[in-house]
Protein chains: 2
Amino acid sequence: MGEAATGERRQRTDKQRNRTHILEVAEEFFAEQGITGSMDAIAKRAGVGPGTLYRHFPNREALLAALLQARDEELEARRDAIRREVADSRAALAQWLQALGEWVTAFDGLPEPLRAALTEDTSPLAITCQGFVTTTEDFLRAAQRDGGAKPWVRGRDLFLSTLATAWARGAAMADESSPDALVSLIRTGWETPATGTAPGSGEDPA
Amino acid sequence: MGEAATGERRQRTDKQRNRTHILEVAEEFFAEQGITGSMDAIAKRAGVGPGTLYRHFPNREALLAALLQARDEELEARRDAIRREVADSRAALAQWLQALGEWVTAFDGLPEPLRAALTEDTSPLAITCQGFVTTTEDFLRAAQRDGGAKPWVRGRDLFLSTLATAWARGAAMADESSPDALVSLIRTGWETPATGTAPGSGEDPA
DNA sequence: CCGTGAAACGGAGACTATCTCCTTATCGGT
DNA sequence: ACCGATAAGGAGATAGTCTCCGTTTCACGG
């Protein structure tokens with residue numbers, strides 16, 4: 001009873017194979033060229049026609065969403081690891097935000113559709129996004145309870161600021177240190193002043 | 001001898017007229033559709049052929065740069081007004097950043113090419129950008145001298161964070177308060193803790 | 001093993017956008 | 001009024017997204 005009970009013919013093997021292969025190729029392609037690379041080029045590299053690509057993934061966003069699902073699981077694993085290993089709630093939030101920041105930098109241009117998905121809930125990326133906001137809220141709440149984060153900050157804002165920072169990092173920053181400076185700026189924004197040190201010298205447990 | 005001494009024929013009046021008209025139309029068009037609207041559509045609305053549009057402005061960025069030059073002057077006026085009227089250097093920096101933030105929100109999608117121009121100095125927008133960074137550095141230096149801003153913050157980072165915030169504001173944010181929250185977050189980042197109040201309650205002179 | 005129908009594939013091509021090139025129209029100077 | 005320079009106009013080259021439909025391939029039943 002591994003299949004649906006509707007007695008339907010089982011999915012063709014070539015379909016599943018193509019889908020998997022397209023995803024592998026697309027991951028490689030997006031990593032190289034950024035997420036704005038040509039769709040037809042992905043189809044060609046995967047050795048399928050454009051029609052096949054678009055039947056599996058009706059548009060770029062759908063392809064991206066399917067692609068991110070795998071990485072999504074990695075991030076969830078990292079989230080669980082932080083929950084398990086990092087006792088200090090303030091440090092846990094910081095590490096989660098860093099993990100998030102690295103995740104959205106996986107492909108060039110990724111912050112753009114994610115921000116869009118944050119407002120249009122028709123997007124296949126919306127669910128993923130919402131999950132991240134929720135997780136951020138969890139970490140934030142804990143940090144606020146322990147006095148490690150300012151009480152007026154919201155999880156949604158932290159997520160957005162992480163996206164914005166990743167966006168600012170951009171394709172290739174001439175000034176390598178600016179992204180880090182932004183992270184520090186924002187961290188100083190949400191963190192409780194108790195730490196009192198200059199940014200960059202924040203605690204780094206583990 | 002109002003013209004160059006090279007004895008060259010003076011510029012045709014229709015050329016100047018077209019250029020001006022294209023700029024007017026483009027400003028209206030970008031304000032409506034955002035800066036990614038079709039170039040040919042701008043040409044059509046201006047009643048000229050694509051060739052004419054592209055002879056005047058070889059690409060979208062050049063058109064944008066010419067367009068922003070006018071607004072640039074407005075911003076410089078505002079900068080001078082702040083210098084003249086705002087005595088407190090911390091408040092002056094805050095107001096300058098706000099002015100900058102409003103300026104880069106003039107057209108939808110404007111932060112993108114500005115960030116790009118920040119790294120590629122071949123862009124016609126690069127000069128404008130650099131000017132803003134310099135101005136930001138001026139205001140920041142003054143604020144730091146008076147103890148109103150943390151000493152390790154750099155002007156370039158503040159400019160980038162302003163761009164990033166404007167980017168986050170995006171087309172149409174479902175949550176209207178998030179952009180303001182980001183501004184507060186960042187302000188808390190650069191400001192000296194002396195103020196000690198929650199964001200949003202910052203001083204607002206004038 | 002083979003026939004058959006449903007499902008998936010492939011790619012031509014419709015559509016849109018950017019930008020170029022060359023012919024035609026227009027302007028400024030004499 | 002004429003002429004040469006200069007700008008305008010728009011067809012079209014190129015590239016990208018996405019669709020439609022004829023063809024192929026697969027799963028299942030005999």
Side-chain angles (χ1 to χ4, degrees), chain A residues 2-23 25-26 29-30 32-67 108-109 112-113 116 123-124, chain B residues 1-26 29-30 32-66 108-109 112-113 116 122-124:
Chain A
E3 306 303 322
T6 55
E8 298 202 342
R9 185 174 282 217
R10 86 160 177 268
Q11 184 176 257
R12 282 171 56 163
T13 55
D14 56 343
K15 179 175 187 179
Q16 184 55 49
R17 183 158 36 85
N18 270 332
R19 189 189 145 89
T20 306
H21 186 224
I22 288 173
L23 281 175
V25 166
F29 191 87
F30 282 156
E32 281 174 18
Q33 323 240 348
I35 62 159
T36 54
S38 157
M39 290 290 274
D40 280 23
I42 294 174
K44 182 170 284 183
R45 192 189 282 196
V48 302
T52 301
L53 170 58
Y54 280 98
R55 195 170 328 96
H56 282 282
F57 310 101
N59 50 50
R60 184 186 304 274
E61 206 173 28
L63 174 58
L64 204 51
L67 211 55
D108 222 48
E112 194 71 57
S123 161
Chain B
M1 67 178 190
E3 306 304 323
T6 56
E8 297 203 343
R9 184 175 284 218
R10 89 157 177 268
Q11 184 175 258
R12 280 171 55 164
T13 56
D14 55 341
K15 179 174 187 181
Q16 184 56 48
R17 184 159 36 84
N18 269 333
R19 189 189 145 89
T20 307
H21 186 225
I22 288 174
L23 281 175
E24 290 170 356
V25 165
F29 190 86
F30 282 155
E32 282 175 17
Q33 322 240 346
I35 62 158
T36 54
S38 158
M39 291 289 274
D40 280 22
I42 294 174
K44 182 170 285 183
R45 193 190 282 196
V48 302
T52 301
L53 171 58
Y54 280 97
R55 194 170 329 96
H56 281 281
F57 310 100
N59 51 49
R60 184 187 304 274
E61 207 173 28
L63 174 58
L64 204 50
D108 222 50
E112 194 72 58
T122 63
S123 162

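Below, chain A is the first sequence line, B the second, and so on; all start at residue 1.
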Can you tell me how far P of D:dG29 sits from CZ of A:Arg9, to the nearest Å?
-> 8 Å
Is the phosphate of D:dA7, meaning OP1 or OP2, less than 4.0 Å from a side-chain N or O of B:His56?
-> no
In whole angstroms, how far is the P atom of C:dT20 from the CZ atom of B:Arg60?
-> 14 Å
Pair of N/O donor and acceptor under 3.5 Å linking D:dC18 base with A:Asp40 side chain | yes
Is there a side-chain contact between B:Leu63 and B:Leu23, using heavy atoms and a 4.5 Å cut-off?
-> yes
Could you tell me the separation between the NZ atom of A:Lys44 and the P atom of C:dG11, rounded to a whole number of Å?
-> 10 Å
To the nearest Å, how far apart are B:Phe57 CZ and C:dT18 P?
-> 16 Å
Counting heavy atoms from C-beta on, name the nucleotide in C:dC27, D:dC28, D:dT17 closest to the side chain of A:Tyr54.
-> D:dT17
Map B:Thr52 and B:Thr13 onto DNA chain C by nearest heavy atom, then report which one ends up closer to the 5' terminus.
-> B:Thr52
Atom CG of B:Leu53 and atom C1' of D:dA11 are separated, to the nearest Å, by 16 Å
Which part of the nucleic acid does B:Pro50 contact within heavy-atom distance under 4.0 Å: base, sugar-phosphate only, or nothing?
-> base
Check the distance between C:dC9's P and A:Asp14's CG and give it to me in whole angstrom.
-> 5 Å
Min side-chain heavy-atom separation A:Pro50-A:Met39 under 4.5 Å = no
Nearest heavy-atom approach of A:Leu53 to A:Val48 is N-CG2, 4.4 Å
Partner of A:Asp14 by side-chain hydrogen bond (donor to acceptor under 3.5 Å, both in side chains), out of A:Gln16, A:Arg12, A:Arg17 | A:Arg12
Ignoring hydrogens and angles, does a donor from either the side chain of A:Arg55 or the base of C:dA8 sit under 3.5 Å from an acceptor on the other?
-> no
Just by modelled atom types, is the A:Gly37 backbone N or O under 3.5 Å from a matching donor or acceptor in the A:Arg60 side chain?
-> yes
Between C:dT26, C:dG11, C:dC9, which nucleotide gets closest to the side-chain atoms of A:Asn18?
-> C:dC9
Distance-only donor-acceptor test, B:Arg12 side-chain atoms vs C:dT26 base atoms, 3.5 Å | yes
Could you check how far CD of B:Gln16 sits from C1' of C:dT26, rounded to whole Å?
-> 17 Å
Whole-Å distance separating the CZ atom of B:Arg10 from the P atom of C:dG29 = 5 Å
